[in-house]
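Take a look at the structure set out below.
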Amino acid sequence: MKPLSPVHTVYVENRVAHTAMTRRVLERLGHGVDVQFTDDPAEVTARYDLRRGAHRRGKQALLLHDFRGEAIKPCPGTPEYLCCLYQILNFAVGCPLDCTYCILQDYFSNPLLTVQANPDAFLGAAAEILRSTPEQFWRLGTGEFADSLALEPLTDYAPLLVEFIRDFPNAMLELKSKAVHVDKLLDLDHQGRTVCAWSMNWEKVTEEEELKASSIEERLEAARKCEAAGYRLAFHFDPILPEPGWEAGYEKTVRRIFETVRPESIVWISLGCFRHTPGLEWTIRERFPKNRYTYGEFILGGDKKMRYPQPLRIAVYRKMMEWIRQYGGPGPVVYFCMENAQVWQAVMGRVPKNNEVLGKWLDHAFLD
Amino acid sequence: MALNLSATFTLMPLENIQEGHCLPRIDPACPEHLAKSLRQHGTLQPLLARQSEKGPAILIDGNRRLAFARREKWESLPVQLLPPETAWLECWEMAVELNGTDRSLLEKALALQGFLDCWQRDGREDDAEETARTQALPRLGMKALARNREKLGLLLEMPEGVQQAFHGGLLPEKALTVLPFFSGEDQLRLARAVEEWRLSVGMTHRFLPLCLEIIKRENISLEKLFSEIETAKNAEGRPQREGIMAALDKRRYPLRYRIQQEFEEVWDEIKEPNLTVTPPPEFEGGPFQFQMEAHNPEDLADQLNNLQTSLKENRELWQRLFAPALSPDEDRLS
């Protein structure tokens with residue numbers, strides 16, 4: 001595990017100054033960290049205006065705030081592509097791992113790491129939503145606006161979430177990460193309602209673009225531990241970067257997954273080629289001048305994001321599917337994150353009729 | 001924050017006024033419309049200057065009026081004098097008011113530099129640039145300039161020829177996003193190319209990123225790329241500018257180009273009269289749209305019959321028409 005980007009500054013909203021979460025974070029950070037208390041978290045976020053290159057500063061600053069906003073919100077899909085209707089359990093925003101391709105660099109207006117430091121209020125609001133909709137199945141995750149495990153050394157949030165979700169028969173939780181802080185999850189009574197997932201890539205991308213994330217082998221070792229503790233697993237190949245050497249690279253990663261864990265333990269695998277907002281490529285070029293992949297061939301997709309041309313994506317996905325079936329057999333459910341019907345048809349031979357149908361496929365993959 | 005121009009002013013002899021640095025003019029000559037107004041009405045607004053402890057007052061705003069007055073051998077001008085310690089703020093405020101339309105990017109960059117120098121010289125903050133960015137500029141309503149501060153700073157580091165290209169409007173402001181990725185030599189080469197090939201602003205917006213992306217991806221020099229553009233232009237025999245852009249596009253988007261080419265070749269073979277086809281944008285996802293022209297029901301029926309026959313007889317061709325969006329041809333992808 002590469003060292004976590006050191007947090008230099010912690011901003012604490014006065015209303016959460018005495019919560020167990022705040023005390024824990026401050027205690028673990030120890031001395032030498034600048035701690036500032038505030039009544040106005042919005043004023044703090046305004047200091048980290050992304051447009052002027054505050055990325056690095058922001059990833060070294062942590063804001064602990066009271067619960068506000070929505071405890072659960074839909075993943076921001078777009079109508080032009082098929083979306084799995086994943087719901088975000090909004091425990092934190094921002095990520096210290098600093099992957100070069102990260103969409104959050106362009107999605108949010110500031111890079112500050114923010115954490116809901118009043119878990120009682122936050123999870124209370126989430127519980128209310130889950131209880132009030134017993135007929136709906138909630139596929140929840142924490143890995144969309146943040147990394148689910150990256151801040152665990154400071155927060156111990158994941159055990160709270162695992163123990164929270166086990167009491168809801170109409171919900172499951174996916175912890176999605178590039179970090180490996182799983183030891184505190186292993187002895188929990190999780191009731192099978194949490195899926196431990198890792199974002200995967202090929203070694204070159206992991207080494208050169210996922211600057212502070214764990215290596216592929218470390219992620220696989222964490223997955224193995226979670227499997228042994230009875231968790232089901234998931235893997236997400238997103239973003240796939242078909243740069244020179246990608247075929248051998250991705251084949252190796254797929255092979256290593258199935259050499260490390262059993263296919264039956266895998267609830268789903270998702271695939272998604274690199275896509276980005278037009279603004280993100282300039283952010284990446286400025287922040288990471290050595291990068292090459294932003295100079296690949298992209299077209300403007302229906303959702304106004306830059307994507308590889310469709311035939312290239314189809315070719316890449318077919319290869320990925322070939323390796324997944326070769327090493328993992330027919331079992332693992334594979335789906336695309338934000339792809340169109342033509343790609344589904346050309347690669348999978350079937351197309352979910354709409355987002356709801358795709359969502360149901362995944363619900364059943366978990367429930368069956 | 002508006003400047004209080006009703007403040008008192010003094011008539012100051014010209015020899016007691018020194019041209020300032022905060023709002024420099026690249027070309028301080030007085031434009032004709034201003035000269036005419038000055039001759040007719042005199043100075044309607046006092047010049048703005050900063051007191052100095054010894055020597056002449058330092059001009060903040062009014063360089064062109066001062067140049068006119070000197071040329072016309074006027075004796076004095078009305079000047080509003082600001083105390084030295086607040087000079088940075090007012091001089092910048094004038095920049096705020098003046099930066100909108102009649103100042104070039106280079107002048108804005110120099111004004112910004114002057115502002116930062118003022119700030120630093122006054123020892124206001126250890127981190128003058130940071131404070132200017134996060135506090136002073138936004139407070140003055142200069143959020144856009146605050147955001148562009150680094151880019152304007154980069155402009156001052158570019159070769160003089162490139163700076164002049166910005167000053168003359170040859171290079172648009174957006175070029176500041178792309179040019180820093182090139183070496184100084186290549187920046188000059190690009191500025192010359194924009195001038196020689198007489199690229200419009202719209203074309204320049206496309207041209208610069210295309211060049212950057214090609215040389216980065218293919219690891220070739222800009223010089224080599226330009227030599228190839230010349231060849232491509234001649235071989236295709238297109239008008240110069242369009243030929244250049246087409247050659248660059250073809251090189252930057254080879255897969256897209258080949259998909260389009262395949263599609264057009266197949267459609268040429270099908271050659272169904274009175275029928276037009278439009279593929280989905282970028283061959284991405286959506287359906288192909290067909291449009292048929294007919295003058296009456298019989299005409300339409302005939303054409304539909306012909307179309308059905310064609311679909312039967314040329315089935316393979318029709319399948320190939322849709323294939324470019326779907327076919328992961330290994331050779332093409334390499």
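Letters A, B, ... are given to chains in the order of the sequence lines, protein chains preceding strands, and every chain is numbered from 1. Because only heavy atoms are used, hydrogens play no part in the values below, and waters and symmetry mates are left out as well, while side chains stay in.
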Sort [X] into side chain, backbone, both or neither according to what part of it lies under 4.5 angstrom from a heavy atom of chain B.
X: E281(A); value: side chain
X: P289(A); value: backbone
X: Y293(A); value: neither

Using a 6.0 Å cut-off, check whether atom [atom1] of [X] has over 12 heavy atoms from anything other than its own residue.
X: E316(B); atom1: CD; result: no
X: E185(B); atom1: CD; result: no
X: E43(A); atom1: CD; result: yes
X: E223(B); atom1: CD; result: no

Shortest non-hydrogen contact from [X] to [Y]?
X: Y295(A); Y: R217(B); value: O-CD, 3.0 Å
X: E284(B); Y: R307(A); value: OE2-CD, 3.9 Å
X: E297(A); Y: L255(B); value: OE1-N, 2.9 Å
X: L212(B); Y: R285(A); value: CD2-NH1, 4.3 Å
X: W282(A); Y: V178(B); value: CH2-CG2, 3.7 Å

Margin query: With chain A as the partner, which of P209(B), P254(B), P180(B), P281(B) has the greatest number of non-hydrogen pairs under 4.5 Å?
Written below: P254(B)

Check: Are the side chain of R292(A) and the backbone of K216(B) linked by a donor-acceptor contact shorter than 3.5 Å?
Finding: yes

Notebook entry, point to check: Hey, what do you get for CD (E213(B)) to OG1 (T294(A)), rounding to the nearest 0.5 Å?
Noted result: 7.5 Å

Next item on the list: Tell me, for Y253(B) versus chain A, whether the close heavy atoms (under 4.5 Å) come from the side chain, the backbone, both or neither.
Entry: both

